[in-house]
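None of the values given here were measured: they were computed from a predicted structure.
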Amino acid sequence: MKEYTYRGVKIQIVKADITKESTDAIVNAANSYLKHGGGVAWAIVRAGGGAIQKESDEYVRTHGPVPTGNVVVTGAGRLKAKYVIHAVGPVWRNAGNDRQLLFKAVYNSLLKASELELKSISFPAISTGIYGYPKNEAARVFGEAIKKFIDENHNTTLELIRICLYDDETLKIFEKECRIN
């Protein structure tokens, strides 16, 4: 685990199962249609219950697909968290806007948590699974997005930002590459 504080906000990079987090919100690595059939999304719905998928389906039915980089909030069902923030990250294509879209997904998740006046949030490594985003690059983008969010939102209610990684390899990469200072 790596832990440090930036401008009064504690940031932790940990090996953990995001479905067991007790932060106010957990972030889901979602697709635009909020169909939670694989990876982190499937694990969250399996642990939290069908209400999460039902709310997600209703959102898409009413508002249409969620653009990449944007977020949607649902309840958390049986999870310890109060909310699930569904962040749509980019599919890796090695294109210039992939970085901007991942940055936007992380930043918007933090912004939404702050708008909801939450104190804590837990992230998975958005887009690094089946979407193929290189983990070292994703870790750098996470660091930049977190730093910019804290720099631009001095009055945020967020006190704790956790990045929850499922395996040792990803943990080591994020510990090395995710820098906030």
Y131 and N31: side chain donor to acceptor below 3.5 Å: no

Joint cluster assignment, L116 & V9, ILVMFWY side-chain distance < 4.5 Å: yes

Any donor-acceptor pair under 3.5 Å from E144 side chain to F103 backbone: no

Same cluster (ILVMFWY, side-chain, under 4.5 Å), V91 and I130: yes

Cluster check W42, V88: I/L/V/M/F/W/Y, side chain < 4.5 angstrom: no

N97 side chain vs Q100 backbone, donor-acceptor pair below 3.5 Å: no

From V27, I18, V14, residue fulfilling side chain to side chain contact (heavy atoms under 4.5 Å, CB included) relative to S122: I18

Backbone of P90 reached by a side-chain donor or acceptor of T68 within 3.5 Å: no

Heavy-atom side-chain proximity of Y59 to H86 below 4.5 angstrom: no

Shared hydrophobic cluster for V106 and Y133 (ILVMFWY, side-chain gaps under 4.5 Å): yes

Listed once per pair and sorted, the salt bridge (charged side-chain N to carboxylate O under 4.0 Å, His left out) pairs that draw on residues 32-50, sequence neighbours left out: K35-D57

Check: L165 and I173 side chains under 4.5 Å, non-hydrogen atoms: no

Flag, side chain of S32 to backbone of V66, donor-acceptor distance under 3.5 Å: yes

Any side-chain heavy-atom pair of N70 and K104 under 4.5 Å: yes

Ring geometry between F149 and Y107 (parallel below 30°, tilted from 30 to 60°, perpendicular above 60°): perpendicular

Within-4.5 Å side-chain heavy-atom neighbours: S120 and L118: no

Side chain E117, main chain T157, donor-acceptor under 3.5 Å: no

Donor-acceptor pair, side chain of H63 and main chain of R61, under 3.5 angstrom: no

Note, D24 side chain near I121 side chain (heavy atom, < 4.5 Å): no

Qualifying salt bridge (charged side-chain N to carboxylate O under 4.0 Å, His left out) pairs, either residue in residues 122-141, two or more places apart: R99-E137, K135-E169, E137-R140, R140-E177

Residue K20 excluded, over 12 heavy atoms near NZ under 6.0 Å: no

Passing candidate, ring pair (Phe, Tyr, Trp, His ring centres under 6.0 Å) with F174, options F142, F123, Y166: F142

